[in-house]
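The next block holds one structure in the form of structure tokens; read it before the comments.
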Amino acid sequence: MLLEVKNMELDFQSIDKHWQLYWAENQSNKVLEDTNKPKYYVLDMFPYPSGAGLHVGHPLGYIASDIYARYMRLKGFNVLHPMGYDSFGLPAEQYAIQTGQHPALTTAKNISRYREQLDRLGFSYDWDRQVKTSSPDYYRWTQWIFKQFFNAFFNTALNKAQPISELISEFSIKGNEGSNAYSDNQLIFSAKEWNEFTPNEQEKMLLNYRLAFLSETWVNWCPKLGTVLANDEIINGLSVRGGYPVEQKKMMQWSMRIKAYAERLLSGLDNLDWTDAIKDQQRNWIGKSVGATVFFAIEEHSELKLEVFTTRPDTLFGVTFMVLAPEHPFLEQIVPVEFKGAVKAYQVEVSKRTERDRQADVQHISGVFTGAYAIHPFTKKKLPIWTGDYVLSSYGTGAVMSVPCGDQRDYAFAKHFNLPISNVFKGVNIDQEAFAEKTGVISNSEFLDGLEINKAIEVACQRLVAEKNGFRKVNFRLRDAIFSRQRYWGEPFPVYYENEIPKLVADEHLPIELPVVDAYLPTESGEPPLARSKKEDWNHFQGDRMEYNTMPGWAGSSWYFLRYLDPNNKEEFVGKDKVAYWQNVDLYIGGNEHATGHLLYARFWTKFLFDMGFIPFDEPFKKLINQGMILGRSSLIYRIKGQNTFVTLSKKSAFETDPIHVDINLVSADKLHLSAFKNWLPEYADADFILEDDGSFICGYEVEKMSKSKFNVQTPDDLIEKFGADTLRMYEMFLGPVEQSKPWDTKGITGVHGFLKKLSRLFLSKDAAWGVVDDAPSKEMLKILHKTIRRVQDDLDRFSFNTVVSTLMIAVNELTDLKCNHKQILQPLLVLLSPYAPHLAEELWRVMGLPDGTCALQAFPIFDESILQESTYDYPVSFNGKMRFKHTFDLSLKEKEIADFIVALPLTQKYLEGKTPKKVIVVQGKIVNIVS
RNA sequence: GCGGAUGUGGUGAAAUUGGUAGACACGCCAGACUUAGGAUCUGGUGCCGAGAGGUAUGCGGGUUCGAGUCCCUCCAUCCGCACCA
């Protein structure tokens with residue numbers, strides 16, 4: 001019976017193992033639909049299984065969600081708490097390029113390591129529901145959902161997606177004039193014209209409407225590597241890998257028409273229980289701005305109308321020139337011969353810089369005059385057209401009307417190139433800078449003169465519409481999401497080509513599995529790795545060729561929370577009955593870095609699947625908590641420049657040194673273990689040291705992101721080995737609020753470990769026998785218990801995971817003082833503890849011989865208010881807000897009685913120093929304040 | 001430049017609606033026990049002061065009987081970004 005007690009101490013390691021085995025063997029965490037209980041869905045953002053394994057930062061959110069899942073089970077909910085892996089991704093592919101090993105193999109290896117580490121923490125996941133985005137059983141449905149996007153368009157009148165077949169029949173009856181279908185297409189055709197299109201022409205036209213579509217997009221192209229690069233992979237116009245030049249290039253790419261959902265993605269935020277910080281980030285990303293589209297005629301090109309978007313149509317009379325993005329298509333046509341050379345040279349120069357570079361560099365102003373002129377819609381004056389890289393092709397129309405008096409960028413551009421500036425603001429000085437405030441009165445603007453700005457916007461819009469020179473327009477910053485990647489390790493598209501027209505593979509041939517390739521690199525001609533495959537390498541091959549791009553990382557993660565509901569369904573991506581029962585995620589916990597990527601895409605896919613009638617809700621995550629990052633504490637040593645000599649921290653200022661990261665395992669309490677350091681890497685074997693006066697070598701430190709290259713990664717494994725899983729779980733919570741970023745530091749872990757030992761001592765009698773008694777507890781003990789029940793419950797209800805730990809510590813301290821070994825107290829206490837320390841709670845429950853199965857199957861103790869009711873209260877008495885002494889009164893006493901009594905006290909007279917009180921404030925049950 | 005977050009002891013932090021600032025823990029100091037241990041237990045610990053007392057939540061103001069909490073100005077640190085027309 002005392003199996004887990006050694007030398008009067010609990011053996012946490014055996015307890016962990018025993019219960020982890022028990023849970024696995026008894027399928028304790030398996031969950032099924034149960035209509036007798038309310039459901040609750042607790043989800044973690046699933047991890048990418050990297051080769052480095054889990055570090056102490058990962059479990060922070062997992063521990064919090066596990067505690068909450070266990071709490072909600074005790075509260076009587078049927079809790080769904082699954083886990084899986086976002087297992088497609090670049091690192092596995094990079095590793096494959098280097099080693100030739102198939103990414104599926106390394107991924108499988110990493111997953112099993114992750115699983116082992118997760119299991120050691122005692123998480124209550126229902127592993128039968130595990131999903132892996134790289135498994136064909138899973139990505140079959142990612143491909144299927146892609147097909148639904150391809151087969152749909154967005155109806156702006158109904159504000160929802162609909163089958164493309166409806167649009168096709170609409171076109172064949174009345175063409176596309178006045179159509180409500182969302183599109184960037186400008187071409188108008190009649191029903192007759194539509195019906196006379198060849199099938200290929202029809203298909204090309206439909207790509208302008210489909211929610212998943214093919215179009216030409218600008219990409220960062222590295223000719224030397226033969227591949228497209230992400231912004232992250234480029235520094236100063238050179239690829240991080242190899243340092244080769246990168247240029248902007250147009251390429252056929254799949255995209256998702258997320259812009260169609262911009263308005264709904266924005267308004268949907270209002271009803272979500274997310275922090276304002278993250279909602280603001282999404283609002284900012286979506287970037288709604290209200291203004292007008294204005295058309296400018298171009299001199300000598302009557303066939304062209306230059307379209308610009310402005311939020312300030314009231315400043316139209318302040319326009320003194322136009323600026324086009326260097327990528328603007330009009331530049332091909334409008335630039336006179338004598339200017340072509342300069343414009344071309346500028347375009348080439350700009351194409352070497354990524355959009356990110358262009359945006360980061362605010363100081364540097366560049367541009368060239370195109371030699372062409374636009375015509376002002378009202379004044380008919382000539383406006384010179386420039387091209388400049390501060391105008392981005394991807395925002396708005398890629399062209400701006402420049403109003404130097406009202407926009408600082410236009411102002412700076414005008415000053416730099418000595419272009420005219422005309423002031424349209426009444427009584428405002430613009431000698432030094434533009435006036436960007438949206439207040440004041442317009443002048444110098446013909447029919448807008450004397451109007452207040454909002455009124456002027458109104459009038460300008462009316463005039464634009466009346467003269468057919470523009471219209472009101474809502475613009476979004478959000479861009480359509482590029483959906484193809486030139487990579488191997490991602491989902492293949494369910495697409496083949498016939499005469500360069502993309503066609504969908506029939507459902508019965510899904511999944512299209514990743515074909516075997518001889519190398520995970522692009523082909524010589526710069527085609528994606530899949531193009532290396534031969535026809536027979538595909539499990540299904542159709543048409544002239546298959547699609548060689550793969551899907552991006554966010555494809556699989558945009559819907560995985562739905563697959564957990566029904567992970568083994570062979571007929572549907574999720575069963576209707578299953579999704580009707582579990583609904584959307586009640587609590588979602590994960591890192592802040594996904595604020596605008598994953599969280600926005602998942603919302604987009606959910607809204608689409610809702611529109612198509614597949615799921616009964618249109619927001620995926622009701623409540624969101626962003627856990628903070630756990631930062632590493634790196635150790636630094638200082639090497640004298642050009643020597644192999646290292647200086648201790650306090651003496652480093654006397655030398656010129658380089659800081660070098662040193663493995664934190666070679667350092668304890670900032671002292672470097674010298675012999676271990678010499679053995680660490682061969683280059684340090686004969687290093688010299690300049691030591692402190694006491695003979696030690698002290699390291700410097702820095703708090704930064706945990707990473708392998710900084711040698712500051714703390715894995716949970718060693719700590720679990722030393723203290724057990726429960727200690728680590730509690731300690732990570734005890735560090736502070738989950739939302740907060742904090743440096744990892746194990747200094748305090750002994751405190752939490754000591755608490756668990758102290759708690760278990762309540763259950764032991766002197767001779768290490770289990771000494772729990774059935775005697776009735778004292779009133780005092782009951783008070784401690786119920787005070788604790790209330791606080792644990794209140795704190796968990798507001799996700800204050802850290803304060804629960806100290807509440808439990810206080811309870812144990814107080815019960816220890818009372819030498820409490822009463823079952824009536826200790827039994828409910830174990831239930832309170834169990835979400836945090838499930839292994840120990842179960843073990844104590846078992847050894848106590850308590851009934852009703854395991855601790856996890858109990859109900860959360862019921863808080864009894866009456867036990868805590870007091871008849872008296874110890875009032876703090878303060879003078880001018882400063883607390884001086886306390887006095888106990890019956891709680892039934894009224895304000896007036898208390899005030900009179902307090903004023904009469906000799907102690908009060910002492911603090912009054914002879915003055916008469918001006919006012920005595922008594923808040924019943926709270927405080928007394930005497931103002932003198 | 002824009003947006004967001006955070007500033008409380010030597011350290012991590014607590015204080016849910018304005019009502020006893022620093023709970024709980026680490027660390028430190030003193031002691032007990034002990035065939036030295038990273039075990040356990042007891043007491044102390046914001047700062048100044050011998051003490052009475054004073055003082056203290058990034059700085060400076062304000063509202064209030066009362067402010068860590070609400071309002072204004074400023075400062076510092078961290079994170080994100082997109083010169084957004």
Side-chain angles (χ1 to χ4, degrees), chain A residues 7-9 275-281 283-285 287 289 291 308-312 315 323 325 355-356 358-365 388-392 394-403 406-410 412-413 436 475-477 479 592-593 595-596 626 628-629 631 703 722 731 734-737 739-743 745-755 757-758 761 791 794-795 797-798 800 802-810 813 816 874-886 917-923 925-932:
Chain A
N7 306 326
M8 301 245 335
E9 288 298 343
T275 60
D276 287 332
I278 202 148
K279 285 190 192 182
D280 280 350
Q281 283 186 65
R283 287 191 186 110
N284 244 303
W285 192 262
S289 52
V308 304
F309 172 74
T310 177
T311 53
R312 298 293 302 275
T315 61
V323 184
E355 198 167 274
R356 192 177 278 187
R358 279 163 63 177
Q359 291 155 355
D361 187 7
V362 190
Q363 316 303 334
H364 174 243
I365 295 167
D389 71 352
Y390 80 97
V391 178
L392 304 178
S394 54
Y395 182 78
T397 61
V400 299
M401 54 177 228
S402 278
V403 185
D407 183 290
Q408 191 53 42
R409 289 154 300 147
D410 295 346
F413 196 83
N475 196 48
F476 293 95
R477 189 203 78 100
R479 300 167 196 171
N592 205 5
E593 64 274 22
T596 46
N626 282 125
M629 201 184 330
L631 303 167
V703 171
K722 212 154 156 187
Y731 181 59
F734 191 57
L735 281 175
E739 303 92 333
Q740 226 165 74
S741 285
K742 51 223 148 192
D745 190 342
T746 52
K747 262 195 250 154
I749 200 167
T750 51
V752 174
H753 190 61
F755 156 73
K757 289 201 270 193
K758 191 167 179 179
R761 242 173 267 131
R791 283 212 52 191
D794 287 357
D795 287 356
D797 285 345
R798 63 192 174 97
S800 175
N802 53 328
T803 51
V804 172
V805 182
S806 51
T807 299
L808 292 170
M809 284 176 172
I810 292 167
N813 289 346
T816 302
D874 214 12
Y875 281 87
V877 181
S878 54
F879 291 75
N880 299 319
K882 196 150 277 287
M883 207 279 282
R884 295 299 178 183
F885 63 88
K886 288 188 186 178
K918 282 189 194 129
K919 207 171 177 184
V920 179
I921 290 160
V922 177
V923 184
K926 274 215 169 130
I927 201 166
V928 179
N929 190 21
I930 299 170
V931 187
S932 63

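Every heavy atom of this structure was used, including side-chain atoms; hydrogens, water molecules and symmetry mates were not.
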Query raised in the report: Is rG80(B) paired to anything, Watson-Crick or G-U wobble with both distances less than 3.5 Å, and if yes, which nucleotide?
Result: rC2(B)
Query - D280(A) CG - rA5(B) C1' separation (whole Å) - result: 11 Å
**Report entry** Side-chain N or O of Q740(A) closer than 4.0 Å to phosphate OP1/OP2 of rA13(B)
**Finding:** yes
Report summary line: In whole angstroms, the gap separating C1' of rC65(B) from NZ of K926(A) amounts to 15 Å
Report task. With C1' as the reference atom in both, quote the distance from rU64(B) to rC70(B) in angstrom, rounded to an integer. Result -> 10 Å
Query - Separation between the C1' atoms of rA15(B) and rA21(B), rounded to whole Å - result: 7 Å
Query raised in the report: Would you say the side-chain atoms of T803(A) and S806(A) include a donor-acceptor pair closer than 3.5 Å?
Result: no
Query - Integer angstrom distance from the C1' of rU16(B) to that of rC28(B) - result: 33 Å
Query raised in the report: Side-chain N or O of N802(A) less than 4.0 angstrom from OP1 or OP2 on rA14(B)?
Result: yes
Query - Separation of atom CG in N929(A) from atom P in rG19(B), rounded to whole Å - result: 13 Å
Report summary line: From CZ of F755(A) across to P of rC26(B) the rounded distance in Å is 12 Å
Query raised in the report: In whole Å, what separates the P atom of rG62(B) from that of rU73(B)?
Result: 15 Å
**Report entry** N/O (side chain, S806(A)) to phosphate O (OP1/OP2, rA13(B)) under 4.0 Å
**Finding:** no
Report task. Write down the distance between CE (M809(A)) and P (rG12(B)), rounded to a whole number of angstrom. Result -> 17 Å
**Report entry** Interatomic distance at C1', rC33(B) relative to rG51(B), whole Å
**Finding:** 36 Å
Query - rC48(B) versus rU11(B) - spacing of their P atoms, nearest Å - result: 14 Å
Query raised in the report: What integer number of Å spans the C1' atoms of rG68(B) and rG46(B)?
Result: 15 Å
Report summary line: Rounded to whole Å, CG of D389(A) lies from P of rC84(B) at a distance of 14 Å
Query raised in the report: Whole-Å distance between rC2(B) P and D407(A) CG?
Result: 14 Å
Query - Phosphate OP1/OP2 of rC81(B) contacted by R283(A) side-chain N/O (<4.0 Å) - result: no
Requested in this report: Pick the C1' atom in rA13(B) and in rA25(B), then give their distance to the nearest Å.
Outcome: 9 Å
Query - Earlier contact from the 5' end, RNA chain B, for D874(A) and V391(A) - result: D874(A)
Requested in this report: Using a 90° cut-off around 0 for syn, call rG9(B) syn or anti.
Outcome: syn
Query raised in the report: Is there a donor-acceptor contact under 3.5 Å from the side chain of Y875(A) to the main chain of K926(A)?
Result: no
Query raised in the report: Could you give the CZ-to-P distance, from R477(A) to rC2(B), as a whole number of Å?
Result: 17 Å
